[in-house]
Amino acid sequence: MTGGSGAYAHPLFDPLRPWLDRLPGRPDGQALAALAAALPVFTESGLPVRFVPPADDGLGYERRVWERGEVETRPDNWHDFFNALVWLAFPRAKAALNARHLRGIAEAGGEPAPGQARGHARDAMTHFDECGMAVLSSDPSLLDLLRGFQWKTLFWERRADVARHMRFIVFGHATYEALLAPFFGLTAKAILYPVAADALALPADELRAALDGWLARDLAAGTYDAPRALQPVPLLGIPGATAANADPAYYDDTRQFRPGRRERASLGV
């Protein structure tokens, strides 16, 4: 984890850093539009993506992206600013999410009425879009510890192995917004990828591009069409994510490092 300076100092901003370094330290619609024009990305419907102010014309958010290539982006809004940057950093995965939403809308015969459920698949896509992360590891035993909610064993006892054999890559734009002021209990919803050691040795931009392809493939295939298929990860437990986690006692607080579902059930929780 390398980190930066200013508003984007937290090391978990690293996947967006090539774009953040070309933008002001605040949401700037004009600068963002210029960057998008210089580095165009496309929807699965083949349209170039443009970041535009919201329009009150009755066209839903996802359909607007699909039919017009327009991503509604409120001026001076951090949440929408990071959404736009994730489009630039992970264009194939974002396009796959949009296409999956459109497929869900078609399967349901249209957008649900206000207050009606959208279905598990679209809920899962929204969870990942907002709060998603990819965790890559060349050591399957580390992913097993993560799946088993063995936080102290993973993040403290095997801290050196985590640094050597794991990568934590934030995808969700709401999570990026939260990283401006990380709070106790901040949690991502992760997709886990076992990878070869040489994949982790790739330059950051090549690894991000490879991950973009893996995510696009799996999201399009419906591999993670249930919210419970996404693995919770307490972000401030990742070594280096906060100075406080340099103390092993940090991992003893079960309000943040919660036991897994099976363990809670055995305890009658």
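Please read these numbers as outputs of a predicted model, since none were measured by experiment.
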Go through the steps to decide whether V135 and Y193 satisfy the test side chain to side chain contact (heavy atoms under 4.5 Å, CB included), and finish with yes or no.
-> CA-CA 6 Å; V135 180; Y193 284 108; over 6 Å; no

Verdict with supporting geometry, R17 and Y8, side chain to side chain contact (heavy atoms under 4.5 Å, CB included) = CA-CA 8 Å; R17 206 161 300 285; Y8 314 125; 4.0 Å; yes

Take T175 and F82 through the test side chain to side chain contact (heavy atoms under 4.5 Å, CB included) and record every step on the way to the result.
-> CA-CA 9 Å; T175 297; F82 286 119; over 6 Å; no

Could you walk me through whether E44 and W66 pass side chain to side chain contact (heavy atoms under 4.5 Å, CB included), step by step?
-> CA-CA 8 Å; E44 278 201 16; W66 180 264; 3.7 Å; yes

Could you walk me through whether R159 and D161 pass the salt bridge (Lys or Arg N to Asp or Glu O under 4.0 Å) test, one step at a time?
-> CA-CA 5 Å; R159 200 173 185 86; D161 292 332; over 6 Å; no

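Within the 4.5 Å cutoff, no side-chain heavy atoms of H101 are placed close to those of R63. For the pair L154 and M166, the minimum side-chain heavy-atom distance is below 4.5 Å. Residues T242 and F184 form no side-chain contact, since every pair of their non-hydrogen atoms from C-beta on lies 4.5 Å or further apart. For the pair H120 and D225, the minimum side-chain heavy-atom distance is 4.5 Å or more. In this structure the side chain of L211 never reaches within 4.5 angstrom of the side chain of F171, judged on heavy atoms. In this structure the side chain of P182 reaches within 4.5 angstrom of the side chain of L236, judged on heavy atoms. Annotation: side chain of H79 is in contact with side chain of E130 (closest heavy-atom distance under 4.5 Å). At least one side-chain heavy atom of D129 sits less than 4.5 Å from a side-chain heavy atom of H173.
Side-chain N or O atoms of S138 include none that pairs as donor or acceptor with a backbone N or O of A196 at under 3.5 Å. In this structure a side-chain-to-backbone donor-acceptor pair under 3.5 Å is present from Q231 to L146. A distance-only check finds a donor-acceptor pair linking the side chain of Q150 to the backbone of G148 [under 3.5 Å]. Checking side-chain atoms of D139 against main-chain N and O of H165 turns up no donor-acceptor pair under 3.5 Å. A side-chain donor-acceptor contact under 3.5 Å links N245 to the backbone of I238. Between the R103 side chain and the A220 main chain, a donor and an acceptor come within less than 3.5 Å of each other. Side-chain N or O atoms of T73 include one that pairs as donor or acceptor with a backbone N or O of V71 at under 3.5 Å.
No chain of hydrophobic side-chain contacts below 4.5 Å, direct or via other Ile, Leu, Val, Met, Phe, Trp or Tyr residues, connects V52 to W87. L180 and W19 fall within a single hydrophobic cluster, where Ile, Leu, Val, Met, Phe, Trp and Tyr side chains are chained together by heavy-atom contacts under 4.5 Å. A continuous path of ILVMFWY side-chain contacts below 4.5 Å connects L85 to Y61, so both sit in one hydrophobic cluster. Neither L102 nor M125 shares a network with the other; the hydrophobic side chains, linked directly or stepwise wherever heavy atoms of I, L, V, M, F, W or Y lie under 4.5 Å apart, form separate groups for each. Put simply, L47 and L35 are part of two different groups of oily side chains (I, L, V, M, F, W, Y) that touch within less than 4.5 Å, one to the next.
Taken from CG in L32 to CZ in R50, the straight-line distance is 13.0 Å, to the nearest 0.5 Å. Here the OG1 atom belonging to T223 is positioned 4.5 Å from the CG atom belonging to D218, to the nearest 0.5 angstrom. To the nearest 0.5 Å, the span separating CE on M133 from OG1 on T187 amounts to 10.5 Å. Here NZ of K152 is found 11.5 Å from CG of D253. Values are rounded to the nearest 0.5 Å. Between the CG atom of N98 and the CG atom of L219 there is a distance of 12.0 Å, given to the nearest 0.5 Å. L136 CG to L207 CG: the interatomic distance, rounded to the nearest 0.5 Å, is 5.5 Å.
Remark: of the listed residues D212, T43, N83, N83 is the sole one forming a side chain to side chain donor-acceptor pair (under 3.5 Å) with K94.
Of all heavy-atom pairs between G213 and R92, the closest is CA-NH1, 3.6 Å. Annotation for P15 and I169: closest pair CG-CG2, 3.7 Å, computed over non-hydrogen atoms. For V170 against L179, the heavy-atom pair with the smallest separation is CG2-CD1, 4.4 Å. Closest of all the heavy-atom pairs between A96 and A216 is CB-O, 3.7 Å. The two residues G237 and Y251 make their nearest non-hydrogen contact at O-OH, 2.7 Å. Taking every heavy atom of both residues into account, F51 and A36 meet most closely at CE1-CB, 3.5 Å.
The number of heavy-atom neighbours closer than 6.0 Å to CZ of R147, taken from other residues, nucleotides and ligands shown, is above 12.
Checked against a 6.0 Å centroid threshold, the rings of F257 and Y250 count as neighbours. Checked against the 6.0 Å centroid criterion, the rings of Y224 and F128 do not qualify as a close aromatic pair.
Under 4.0 Å is where a charged nitrogen must lie from a carboxylate oxygen, and between D57 and R68 at least one such pair does. Using a 4.0 Å cut-off between charged nitrogen and carboxylate oxygen, R208 and D205 do not count as a salt-bridge pair.
Ring pair F13/H10 is perpendicular by interplanar angle, where above 60° counts as perpendicular and below 30° as parallel.
Counting only N and O atoms by type, the side chains of S141 and R158 include a donor and acceptor under 3.5 Å apart.
Within the structure, salt bridge (Lys or Arg N to Asp or Glu O under 4.0 Å) pairs that include any residue of residues 72-91 comprise R64-E72, R74-D80 (at least two apart or interchain).
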